[in-house]
Amino acid sequence: MPFSAYTRMSGVDLPDGAKIRKGAPDAVAAWVREQGGSPSSELSQDVERIARSGGTPLILARNTSILAVIQLKDILKPNMRERFDRLRAMGIRTVMITGDNPLTAAAIAQESGVDDFLAEATPETKMDLIRREQSSGRLVAMTGDGTNDAPALAQADVGVAMNSGTQAAKEAANMVDLDSDPTKLIEIVEIGKQLLMTRGALTTFSIANDVAKYFAILPAMFAVAYPAMEILNVMRLTTWQSAILSAVIFNALIIVALIPLALRGVKYQPRGANAVLRDNVLIYGVGGIIVPFIGIKLIDMLLAVLHLT
């Protein structure tokens with residue numbers, strides 16, 4: 001009798017007629033009652049004590065008798081709480097999905113520092129949770145390694161299967177983590193956000209740079225034909241020829257100057273989207289407006305000096 005997420009137990013039927021089952025306490029206890037047995041009242045006390053301590057209680061039964069209560073204890077990876085704190089700083093809410101009973105799940109969730117948990121989960125309840133989050137407009141990522149995780153991994157916007165997991169989970173996911181570390185999502189998100197921040201910074205600077213650059217040189221270019229535009233020539237560029245040449249030289253230099261930023265990328269820090277957008281506008285937006293005025297004016301002055309010599 002292989003383990004199933006629906007029966008939540010496994011077992012074997014022996015040739016002599018004996019039936020042995022092992023699994024979740026409520027499932028095995030219900031099976032014992034179906035066989036005509038009557039679990040003792042002490043059983044629920046032992047199960048609750050194990051669950052409240054963060055362990056996973058299992059029951060071993062033979063026919064109508066409970067043979068043992070088995071305690072399993074998950075060993076959390078080191079620094080899990082700190083890793084989930086990093087995810088929260090990124091604006092990501094973490095939910096632990098487990099087949100354990102609610103008491104055990106609550107204890108592990110408290111120890112690890114996740115934001116929420118789903119206990120006694122089946123493939124259907126996992127998918128329902130993901131669909132509910134998606135219907136609220138959220139982007140959902142999931143990590144998993146079991147066959148029962150495959151439907152949810154396929155439903156999630158980003159599915160990451162563990163390399164140590166089943167083939168079904170790997171095929172359903174978008175990517176496979178060769179290190180089998182569920183918190184690898186942190187690195188995935190950080191790299192993705194750094195790419196987006198770098199692209200956003202370069203785009204913001206380029207747009208602001210172009211606007212400022214043309215505002216700087218257009219008055220000087222058209223002041224001859226339209227003298228009223230001279231009032232907009234705030235940099236007092238020498239001539240319209242000098243203005244155009246200064247802008248061309250500045251454009252060539254600024255492209256070269258941006259190459260290191262494009263290769264290195266903007267340094268990522270776990271902050272919310274609003275803070276990232278604000279800094280992006282203040283640093284690269286305002287900087288993109290100021291730099292062309294300074295750069296073009298300096299080049300224009302240099303050209304004027306070279307022309308006089």
Side-chain angles (χ1 to χ4, degrees), residues 81-94 113 115 133 136-141 157-158 183-223 229-238 240 242-304:
R81 182 173 288 275
E82 290 76 7
R83 297 185 187 185
F84 287 128
D85 287 341
R86 288 171 61 189
L87 286 172
R88 265 188 294 275
M90 297 177 192
I92 297 175
R93 177 170 167 265
T94 55
D115 297 311
E133 297 292 342
S136 301
R138 296 186 177 93
L139 189 70
V140 180
D157 298 290
V158 179
T183 59
K184 184 62 69 66
L185 267 178
I186 296 177
E187 298 179 20
I188 296 174
V189 173
E190 286 181 345
I191 293 173
K193 284 183 176 289
Q194 184 177 23
L195 291 174
L196 289 175
M197 288 172 58
T198 302
R199 186 177 68 178
L202 293 174
T203 302
T204 301
F205 184 87
S206 297
I207 294 175
N209 176 73
D210 289 342
V211 171
K213 181 171 58 183
Y214 291 120
F215 180 80
I217 66 174
L218 286 178
M221 291 173 56
F222 291 99
M229 293 191 67
E230 182 63 30
I231 193 174
L232 298 177
N233 186 14
V234 293
M235 291 193 298
R236 296 293 183 259
L237 299 178
T238 307
W240 66 268
S242 174
I244 295 175
L245 185 57
S246 298
V248 171
I249 295 174
F250 171 80
N251 197 57
L253 294 176
I254 201 64
I255 291 176
V256 175
L258 289 176
I259 291 177
L261 175 63
L263 294 176
R264 183 181 67 254
V266 177
K267 184 179 180 181
Y268 174 74
Q269 295 179 347
R271 295 180 297 168
N274 292 335
V276 172
L277 177 61
R278 182 189 65 245
D279 291 351
N280 190 44
V281 172
L282 291 178
I283 297 175
Y284 299 99
V286 176
I289 293 176
I290 296 176
V291 170
F293 282 88
I294 298 175
I296 291 176
K297 181 59 179 178
L298 291 176
I299 295 173
D300 176 76
M301 294 170 60
L302 179 61
L303 292 176

Review point. Can you name the closest pair of heavy atoms from Q194 and R264 and give their distance?
Key: NE2-O, 3.9 Å

Exercise for review: Quick one: do L87 and I186 satisfy side-chain contact (heavy atoms from CB on, under 4.5 Å)? Show the steps, please.
Suggested key: CA-CA 7 Å; L87 286 172; I186 296 177; 3.6 Å; yes

Point to revise | Distance (rounded to the nearest 0.5 Å) between F250 CZ and L253 CG | key: 8.0 Å

Review point. Do R88 and F84 pass the side-chain contact (heavy atoms from CB on, under 4.5 Å) test, and can you show the C-alpha distance, the side-chain angles, and the key distance before you say yes or no?
Key: CA-CA 6 Å; R88 265 188 294 275; F84 287 128; 4.1 Å; yes

Review point. Quick one: CG on L277 to CE on M197, what's the gap to the nearest 0.5 Å?
Key: 11.0 Å

**Study point:** Option passing side chain to side chain contact (heavy atoms under 4.5 Å, CB included) with I299 (candidates L302, I296, L303)
**Key:** L303

Point to revise | Minimum-distance pair of heavy atoms, taken over all atoms of G287 and P292 | key: O-CD, 4.2 Å

Exercise for review: Supply the atom-to-atom distance L202 CG to N209 CG, rounded to the nearest 0.5 angstrom.
Suggested key: 11.5 Å

**Study point:** Gap separating the CZ atom of R138 from the CZ atom of R93, nearest 0.5 angstrom
**Key:** 6.0 Å

Study note, to complete from the structure: All heavy atoms of V266 vs all of A201, minimum pair found to be CG2-CB, 3.8 Å

Exercise for review: Supply the atom-to-atom distance T198 OG1 to N280 CG, rounded to the nearest 0.5 angstrom.
Suggested key: 10.0 Å

Check your understanding: Taking atom CZ of R81 as the centre, does the number of heavy atoms from other residues, nucleotides or ligands within less than 6.0 Å exceed 12?
Key -> yes

Check your understanding: Can any side-chain N or O of D157 pair as donor or acceptor with the backbone N or O of A141 at less than 3.5 Å?
Key -> no

Practice item. With rounding to the nearest 0.5 Å, note down the distance linking CG in L196 to CD1 in I191. Key: 12.0 Å

